[in-house]
Trainee: 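Input: one structure, supplied below.
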Amino acid sequence: MSSATLAPAPQPFAHYRGLGDAELDARIAAVRGRMGPRLVILGHHYQQDGVIAHADFQGDSYQLSKSAAGRDACEAIAFCGVHFMAETADILVNTPEKVAARGGRRVTVVLPDMAAGCSMADMAAIEQVEDAWADLGTVIDTADVTPVTYINSAASLKAFCGRHGGIVCTSSNARAVLDWAFARTRRVLFFPDQHLGRNTARKMGIPLDEMCVWNPHDPTLGGNARAQLEKSRVILWQGHCSVHAMFRPEHVDAFRANLPGVQILVHPECAMEVVDKADLTGSTSFILKTVAAAPPGSKWAIGTELHLVKRLEQNHPEQTIRFLSPTICMCATMYRIDLAHLCWSLEHLEACKPVNVIRVDDETARWAVTALERMLAVS
Ligand code: 13P
Ligand code: SF4
């Protein structure tokens with residue numbers, strides 16, 4: 001073997017921070033070349049272009065979960081996204097059955113930067129959800145409530161759903177998941193994103209006065225009167241995405257006034273007032289597919305993360321593509337994943353000294369996979 005094919009010894013992170021993009025690109029490509037199919041790099045649509053260029057598969061949260069679930073043959077997954085996504089990948093690719101079928105071998109899942117969290121996921125802690133469930137039980141029969149967690153949540157919340165007959169949803173299957181839930185129970189507790197819950201329930205014809213918002217910081221029934229809880233079919237956790245909260249109805253009005261013929265296309269994590277004014281609402285892959293299918297000359301103002309919109313703009317010069325907000329709103333935690341972190345984590349993986357391994361404990365994973373597999377069966 002020539003020395004050019006030998007893996008370099010992995011270095012402390014500070015070493016990679018000092019390298020230029022061209023060298024980092026070459027070293028990442030070299031690891032990929034040497035590891036071949038033993039390594040899989042998954043990338044969410046919100047990732048930076050330079051990182052996406054190295055991904056074997058790019059997708060939305062749902063597609064990435066499915067992709068991870070099917071990666072039995074590889075040894076390691078480098079997840080270019082945020083923490084809850086890497087947790088989900090670990091849970092789905094390392095079920096006890098899959099690990100047994102591989103002779104006890106786990107697929108190592110790494111998150112190149114551990115600081116890549118999700119502020120929305122952090123708005124619901126398992127202790128708060130358990131307290132809310134107990135408090136709800138003092139007013140309504142929780143046997144008639146299905147807990148539904150958005151995939152943007154910690155594994156412990158997914159496990160809570162698994163244990164209580166509940167399910168996970170993503171932005172692309174929330175409607176099908178709520179249909180599943182309402183076929184079982186009269187009510188749903190939806191966390192942590194109130195907007196996805198509200199927007200989806202309204203599209204199903206559930207009136208706003210049959211929804212309430214649960215504030216986990218209000219010790220008095222989450223800030224609700226007993227009568228409101230008794231009336232509610234959807235109990236929405238008071239959480240939101242700080243990126244999508246930046247889009248406002250007045251931004252829609254301004255585009256309609258200044259760009260005749262514009263179509264407004266937004267993610268369902270946006271507030272109801274924005275979704276109500278939009279032409280189309282859907283997940284990140286819905287947004288990508290919709291624009292790709294539109295005729296040349298189409299005009300769009302898009303309300304989702306900046307990197308996705310900028311990439312769309314570059315890929316579709318035949319269309320007019322604008323960012324819906326006048327201020328820059330990008331997901332700062334998604335942006336934590338950069339070439340330096342990717343190269344650092346890959347060279348450690350290759351040297352069998354993995355860093356930033358995401359490993360969900362067995363008991364949490366056992367229940368979380370129940371809720372995740374219910375979702376995968378529904379959609
Ligand atoms: P999707 O990938 O499901 O569209 O969700 C966007 C998001 O906020 C990921 O964190
Ligand atoms: Fe979380 Fe919002 Fe970033 Fe998605 S865009 S990872 S919901 S903070």
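For ligands, and for the atoms within them, numbers begin at 1 and follow the listed sequence. Nothing here was measured: the structure is a model prediction, and the numbers come from that model. One-based numbering along the sequence shown.
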Trainee: Among all the protein's non-hydrogen atoms, which is closest to atom 1 (Fe) of ligand 2, and how far away is it?
Mentor: C118 SG, 2.4 Å
Trainee: Give the numbers and elements of all ligand 1 atoms closer than 4.0 Å to a heavy atom of S171.
Mentor: 1 (P), 3 (O), 4 (O), 5 (O)
Trainee: Of the side chain and backbone of H44, name the one, both, or neither that has a heavy atom under 4.0 Å from an atom of ligand 1.
Mentor: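 Side chain only.
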Trainee: State the atoms of ligand 1, each with its element, that fall below the 4.0 Å cut-off from a heavy-atom position in S283.
Mentor: 4 (O)
Trainee: Please indicate whether Y335 has more than 12 foreign heavy atoms, meaning atoms of other residues, nucleotides or ligands, lying under 6.0 Å from its OH.
Mentor: no
Trainee: Determine, using heavy atoms of E269 and all atoms of ligand 2, whether some pair is separated by less than 4.0 Å.
Mentor: yes
Trainee: If you measure from the Lys or Arg side-chain nitrogens to the Asp or Glu carboxylate oxygens, is any gap between E350 and R27 under 4.0 Å?
Mentor: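 Looking at R27 together with E350, the answer is no, because their closest N to O distance does not fall below 4.0 Å.
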Trainee: Which residue holds the protein heavy atom closest to atom 8 (S) of ligand 2, what is that atom called, and what is the gap in Å?
Mentor: S119 OG, 3.6 Å
Trainee: Just heavy atoms, cut-off under 4.0 Å: does E305 contact ligand 2 by side chain, backbone, both, or neither?
Mentor: neither
Trainee: Judged by modelled atom types alone, do T88 and S65 share a side-chain donor-acceptor pair under 3.5 Å?
Mentor: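 Not at all, the side chains of T88 and S65 share no donor-acceptor pair under 3.5 Å.
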Trainee: For atom 4 (Fe) of ligand 2, what is the closest protein heavy atom, and at what distance to 0.1 Å?
Mentor: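 Of the protein heavy atoms, N152 ND2, 3.9 Å lies nearest.
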Trainee: In terms of side-chain geometry, is the basic nitrogen of D179 or R175 positioned less than 4.0 Å from the acidic oxygen of its partner?
Mentor: yes
Trainee: Is S242 close enough to touch ligand 2? Criterion: a residue heavy atom under 4.0 Å from a ligand atom.
Mentor: no
Trainee: Can you tell whether the side chains of R106 and D90 come within less than 4.0 Å, N to carboxylate O?
Mentor: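 Here R106 pairs with D90 in a salt bridge, since their nearest N and O are under 4.0 Å apart.
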Trainee: With rounding to the nearest 0.5 angstrom, report the CD to CZ distance, Q47 to R311.
Mentor: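 One finds 8.5 Å between CD of Q47 and CZ of R311.
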Trainee: Which atoms of ligand 1 have any heavy atom of H267 under 4.0 Å away?
Mentor: 1 (P), 4 (O), 5 (O), 6 (C)
Trainee: My understanding is that only one of S153, P216, C161 makes a side chain to side chain contact (heavy atoms under 4.5 Å, CB included) with F191; could you say which?
Mentor: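 Single pass found, and it is C161.
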Trainee: Considering both backbone and side-chain atoms of T284, is one of its nitrogen or oxygen atoms within less than 3.5 Å of a nitrogen or oxygen in ligand 1?
Mentor: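 Between T284 and ligand 1 (N or O atoms, distance only) the closest approach is under 3.5 Å.
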Trainee: Could you tell me whether S285 and ligand 1 have an N or O pair separated by under 3.5 Å?
Mentor: no
Trainee: With heavy atoms only and a cut-off of under 4.0 Å, state how Y150 meets ligand 1: side chain, backbone, both or neither.
Mentor: side chain
Trainee: Just which atoms of ligand 1 are under 4.0 Å from any heavy atom in S61?
Mentor: 1 (P), 2 (O), 3 (O), 5 (O), 9 (C)
Trainee: Would you check the N or O atoms of N152, main chain and side chain alike, for any that come under 3.5 Å of an N or O of ligand 1?
Mentor: yes
Trainee: Go through the side-chain N and O atoms of Q58 and H45 and say whether any donor and acceptor fall under 3.5 Å apart.
Mentor: yes
Trainee: Only heavy atoms of M85, strictly under 4.0 Å: list the atoms of ligand 1 that pass.
Mentor: 9 (C), 10 (O)
Trainee: Considering only the protein, which heavy-atom contact is closest to atom 2 (Fe) of ligand 2, and what is its distance?
Mentor: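 It is C241 SG, 2.3 Å.
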Trainee: For K66, look at atom NZ and say whether over 12 heavy atoms of other residues, nucleotides or ligands are found less than 6.0 Å away.
Mentor: no
Trainee: Can you tell me if Y46 has a non-hydrogen atom under 4.0 Å from ligand 1?
Mentor: yes
Trainee: Take atom NZ in K310; do more than 12 heavy atoms of anything else shown fall under 6.0 Å from it?
Mentor: no
Trainee: Answer yes if the side chains of R366 and T370 hold a donor-acceptor pair under 3.5 Å, and no otherwise.
Mentor: no
Trainee: Go through ligand 1 atom by atom and flag the ones less than 4.0 Å from a non-hydrogen atom of E269.
Mentor: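 Answer for ligand 1: 6 (C), 7 (C), 8 (O).
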Trainee: Could you tell me whether H341 and Y16 have their ring centroids closer than 6.0 angstrom?
Mentor: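 Not under 6.0 Å, so no.
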Trainee: Give yes if a backbone or side-chain nitrogen or oxygen of Y62 is under 3.5 Å from a nitrogen or oxygen of ligand 1, and no if not.
Mentor: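 No, there is no polar N/O contact under 3.5 Å.
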Trainee: Has C331 got an N/O/S atom less than 2.8 Å from atom 3 (Fe) of ligand 2?
Mentor: yes
Trainee: Check this for me: does any side-chain nitrogen of one of R17 and D338 sit under 4.0 Å from a carboxylate oxygen of the other?
Mentor: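 Salt bridge present between R17 and D338.
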